[in-house]
Amino acid sequence: MYALVDCNNFYVSCERAFQPRLETRPVVVLSNNDGCIVSRSAEAKALGIPMGEPLFKVKPLMEQHGVVALSSNYALYGDMSHRVMSYLASQAPEVEIYSIDEAFLSLHGMERYHGPLDAYARRIRTEVKRRTHIPTCIGLAPTKTLAKLANRVAKKDPSLGGVLLLDSPERRQWALERVAVEDVWGIGRQYATKLHEMGITTAAGLARCSEAVARKHLGGVVGARLVRELQGYPCHKLNPSEDGTLARQTIACTRTFGKPLSQFEDILGAVASFASRAAEKLRRQESAASVLTVFLSQNRFDTTPPPHTRSAQVTLPVASNDTTELIRVARALLGRVWQPGTVYVKAGVVLDGFEKGGNEQLSLFAPDRHERVERLMQKLDSLNSRFGKGSVLVATALGSSTKHAGPWKGQQQHRTPAYTTKWNELWEIG
DNA sequence: TCTGGGGTCCTAGGACCC
DNA sequence: TCTGGGGTCCTAGGACCC
């Protein structure tokens, strides 16, 4: 049996954990640059504020109802996530951290130790709430897809008390009939449209599909597995996350600029900063990257069809996680995609082709340099973790401007303090 | 005026090899 | 000159997820 634990309105719940006065008010959290709505309290949902909506479109509605808008604060959310995940990891033999606010637990055979699994899930839910103030819902089922579905039903139906266990064909059928096909895990906009045209509108209808139909219309083997999972046959194994962290196969740092830019030096400031942050993430998971991509985008809302994003990629002879080297390579790639006189709104650095470990191979050729780089990077990471992200930056990452803030940096007008992670922003009690 | 930032997996097609 | 069946690796693009 799998359990899917999903935090309700996670970012809003994190903010509420430190600001009880938000508890009774409609609250939303905004994306980078305060651009879009990325998390909503139940009250905000009830007002009809859609997920992902640009702020400027719903601003009048929000002002009318006194909705509190907060800039996103990922240091806080990451730390709260870690607390939730650490507790969950202590409650099941295997945990897969699926996203910042969701985890799959493997509970196979756990009845022996904990009794009925729905009661156990209720205890977990209560304890997460007590420890972190984060509300959750839990779905339990024989497959991951059904656990997701059970979670969704639990979230929508308050009478279930936040937990739903699907342990019989009757309960499974009951749940399948209550979920619209577009709300099934793995059914997005394209597939939903196609299924509706075929007259399939519920999860139950999808579960009755033949394998051939699933293969033909839902992306081949992916669709076939999806339908099997709805029928109760597991096709997706749990991928345990070791020591509470998730090792990525790709690391990207991309950002829309605070304002459109065209000068090479300005954009280089952004790209160098992204490369630097990507390298930090890389070292945190003890990887080195052998493929680096830099891309530049023009405004996709300006013309139809949208202008192309130009990218350049290089495969390094030796995988690296050295900030200075990755910045050097990123700069060269930027030179290949940047065109004078073009206005850009967004850039990104993507790392790929990971190898375990770091820079060992470098040491074969230049042992001294390797050790120096390693020590420097460790120092950099520890300073940044002590004094807050971005305290120590490699010179290029500061950009050409003499001002501390590069011209690419965006707005965060509604940001709350990093209550749990920055020394100068610690929560004051009383 | 203002429109997020991450990720995953799969498939098809081309280049190249034996 | 024509004939064949495997393979691998890489890239681009599409669909999905939170």
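Note on naming: letters A, B, ... go to the chains in the order of the sequence lines (proteins, then strands), and numbering restarts at 1 for each one.
Contact annotation for A:Ile251: backbone-only contact, meaning every heavy-atom pair under 4.0 Å involves sugar-phosphate atoms and none involves a base. A:Ile187 comes within 4.0 angstrom of the backbone, heavy atoms only, and of no base. Note on A:Tyr98: only backbone sugar-phosphate atoms sit closer than 4.0 angstrom, heavy atoms only; bases stay farther off. In this structure, A:Gln249 reaches the sugar-phosphate backbone alone: every heavy-atom distance under 4.0 Å involves primed, P, OP1 or OP2 atoms, never a base. Within 4.0 Å (heavy atoms only), A:Asp34 reaches no atom of the nucleic acid at all. A:Val291 comes within 4.0 angstrom of nothing in the nucleic acid, heavy atoms only.
For A:Thr256, a side-chain nitrogen or oxygen approaches OP1 or OP2 of B:dG5 to under 4.0 Å. Phosphate contact (OP1/OP2 of C:dC18, side-chain N/O of A:Lys148, threshold under 4.0 Å): present. The shortest distance between the side-chain N/O atoms of A:Thr250 and the OP1/OP2 oxygens of B:dT8 is below 4.0 Å. Proximity of A:Lys281 to the phosphate of B:dG6: a side-chain N or O atom is located under 4.0 Å from OP1 or OP2. Residue A:Arg255 places at least one side-chain N or O closer than 4.0 Å to OP1 or OP2 of B:dG6. Regarding contacts with the backbone of B:dC10, every side-chain N or O of A:Arg215 stays at 4.0 angstrom or more from both OP1 and OP2. The phosphate of B:dG5 has neither OP1 nor OP2 within less than 4.0 Å of any side-chain N or O from A:Ser31. In terms of phosphate contacts, A:Asn32 brings a side-chain nitrogen or oxygen within less than 4.0 Å of OP1 or OP2 of B:dG5.
Closest to the A:Phe56 side chain, of the nucleotides B:dT11, C:dC18, B:dC2, is B:dC2. Counting only heavy atoms from C-beta on, A:Tyr191 has its side chain closest to C:dA15 among C:dC18, C:dA15, B:dT3. Proximity note for A:Pro54 (side chain, C-beta onward) versus B:dT8, C:dC16, B:dT3: the nearest is B:dT3.
For A:Tyr2 and A:His108, the distance between ring centers is under 6.0 angstrom.
At a cut-off of 3.5 Å, with distance as the only test, a side-chain donor of A:Thr323 or A:Arg283 sits close to an acceptor on the other residue.
Shown here is A:Lys45, whose NZ atom has more than 12 heavy atoms of other residues, nucleotides or ligands within 6.0 Å.
Although no hydrogens or angles enter the test, the distance criterion places no donor-acceptor pair under 3.5 Å between the side chain of A:Ser290 and the main chain of A:Ala319.
With a 6.0 Å cutoff to the six-membered ring centre and a 45° limit on the axis angle, A:Lys346 does not count as a cation-pi contact of A:Phe257.
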